[in-house]
Amino acid sequence: MKFWKRLMCTARRKSPWLFHMNSGSCNGCDIDIIAALSPRYDAEQLGVLLQGSPRHADILMVTGPVTNNAVSAVNTVYGQVCGPKAVVAIGSCPATTNVFIDSRTLSGPLDKHVPVDVFVPGCPPRPDAIIAGVVKAATLLAERGNDPPKTAVAIATAEEVQP
Amino acid sequence: MNPLLTALARMLIFPGLLFAVPAAWFFLWVERKAVARMQERVGPPFMQPFWDFVKLLGKSTPPRPGIAGFIMRTWPLIAVSSAAGAVGLLPVLPASGGFEGDLILLLALLELPSICIIAAGFSSRSIFGEIGSAREAALSVSYNIVFLLAIVSIAASQHTFRLEALATMPSSPLHWLGVLAILVCLPAKLHINPFSLPNAEQEIYAGPMTEYAGPELAMWELAHGLERVAATGLVATLIAPHIFAPHIALVWAVSLLAGCLFVVLSVAVVLLLSVLAAATARLAIDSSVRFYWQCTLIFAVLVISSAIFVRFRS
């Protein structure tokens, strides 16, 4: 039983599958997510795969400040991701709503609606910071397993991975 | 040796489950790694398909009550068992047994995963699953004409439906033409680019697999891997005896060599398919169907006519 638990822990750390969701972003962060998965940064060597269906994903990556129209979509997609799951907020928008703060068309930031595990700040963040955030989320998933998410959150920045 | 014991050993040890499951993961890795290297990437680590499988086993699935949920959970299991059975039937080792008509059983088992995918897409009630299933159905009707005609022509020219007789038949132009025709059909059978239409990633989410999660998805991944082992293994068993003629008296050495050659040839076929996958983009469904109905039908006509010619001459 203990062996199985350790095996599962390693497997969760080594195989983070992503689902990418845009909640009203300007597409800057989305472009950098694509860059992180491109041959130049090659996230696949860490086992990262972008999945087409939220049912297959472990990590939900949300960009954008969560507009009023996007709230129900964010909740639906979060419910469709099967547990154990983690949420990574990509960019400053889902963290603080950024320059759109106090706009009446927004109902952000993201952690008002779903529990966020890792914030990757930046406008947009660098691809290496996004990869660092995904790795952090995968490590969190491996540690906590099926337990509910804790309140403490992690922040990933490019300085951690750049010399 | 007891024929029942031999059959069990083939099904469970080599080339059956004990060999086929690690081979399935290995082939999935070879494909991903080869595509990555061709795109100048490092690519996934060696154990990646295994970690993916274990992780998927540990994930939860959405509750699906009633008979609809039961049916949905059954399809991946049928797909895995039929693909594993197909691998177990392959005459890899010389004089490994088999029975008259096992070719027909192999063809049926190779076809079953594709039927399971179609049924799974429709039973998941997802619109993306239904689109994927419809594409899979259209594609399987197109490539199977050439695939089945090629194998049946080879068999008809030898007057037998026994796999072992086909694997050891003398080399002839008909034989190589048949192998070529099977190779042309493999990308569509294994859903590799440019025929990755049924599970077109991103385009229709994940096609028939859209609603599957956790252990059920793990079973589908395994089924895809086993299908690769079975389909490339079929090509390898058809080619192998013409490269390696058993002159050695030792049975164990012959078996070992035949096993190694089988693995090497299968990996070569997987690499060939990966080159194709990396070099091409996904075709539209009408172009794919047109390709198989118009361009590859020439293979079908050639193998059928040469099979008739061989029969009349003998």
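Here is the naming used below: chain letters follow the sequence lines, and residue numbers restart at 1 for every chain.
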Report task. Report the C-alpha distance between A:Asp128 and A:Arg40 in whole Å, list the side-chain angles of each, state the deciding distance to 0.1 Å, and finish with yes or no for salt bridge (Lys or Arg N to Asp or Glu O under 4.0 Å). Result -> CA-CA 11 Å; A:Asp128 13 19; A:Arg40 178 155 176 88; over 6 Å; no

Query raised in the report: Does the pair B:Arg41 and A:Gln45 meet the rule for a side chain to side chain contact (heavy atoms under 4.5 Å, CB included), with working shown?
Result: CA-CA 8 Å; B:Arg41 291 191 281 127; A:Gln45 56 185 291; over 6 Å; no

Query raised in the report: side chain to side chain contact (heavy atoms under 4.5 Å, CB included) between B:Leu265 and B:Val235: does it pass, once the steps are laid out?
Result: CA-CA 8 Å; B:Leu265 281 173; B:Val235 177; over 6 Å; no

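Neither the backbone nor the side chain of B:Ile204 has a heavy atom closer than 4.5 Å to any heavy atom of chain A. Contacts of A:Trp17 with chain B are made by both backbone and side-chain atoms, with heavy-atom separations under 4.5 Å. Using a 4.5 Å cut-off between heavy atoms, B:Phe128 makes no contact with chain A at all. For chain A, the nearby parts of B:Glu211 are the backbone and the side chain; heavy atoms of each come within less than 4.5 Å. In this structure, chain A has no heavy atom under 4.5 Å from any part of B:Met47. Only the backbone of A:Gln51 comes within contact range of chain B, with at least one heavy atom under 4.5 Å from a heavy atom of that chain. In this structure, no portion of A:Ala43 lies under 4.5 Å from any heavy atom of chain B. Contact of A:Leu141 with chain B is not made at all, since no heavy-atom distance falls under 4.5 Å.
Checked for salt-bridge contact, B:Lys59 and B:Glu216 miss the test: no charged N lies under 4.0 Å from a carboxylate O.
You'll find the ring centres of B:Tyr143 and B:Phe195 outside the 6.0 Å limit.
For A:Arg6 (side chain) and A:Lys2 (main-chain N/O), no donor-acceptor pair under 3.5 Å exists by modelled atom type.
Interface summary for chain B: among A:Thr10, A:Leu7, A:Leu46, the most heavy-atom pairs under 4.5 angstrom belong to A:Leu7. When each of B:Ala36, B:Gly207, B:Pro44, B:Ser126 is scored by its heavy-atom pairs under 4.5 Å with chain A, the top score falls to B:Pro44. By number of non-hydrogen pairs under 4.5 angstrom with chain A, the leading residue of B:Gly214, B:Ala213, B:Gly43, B:Pro45 is B:Gly43.
Within a 6.0 Å radius of CG in B:Leu12, other residues, nucleotides and ligands contribute more than 12 heavy atoms.
The shortest side-chain heavy-atom distance between A:Val81 and A:His56 does not fall under the 4.5 Å cut-off.
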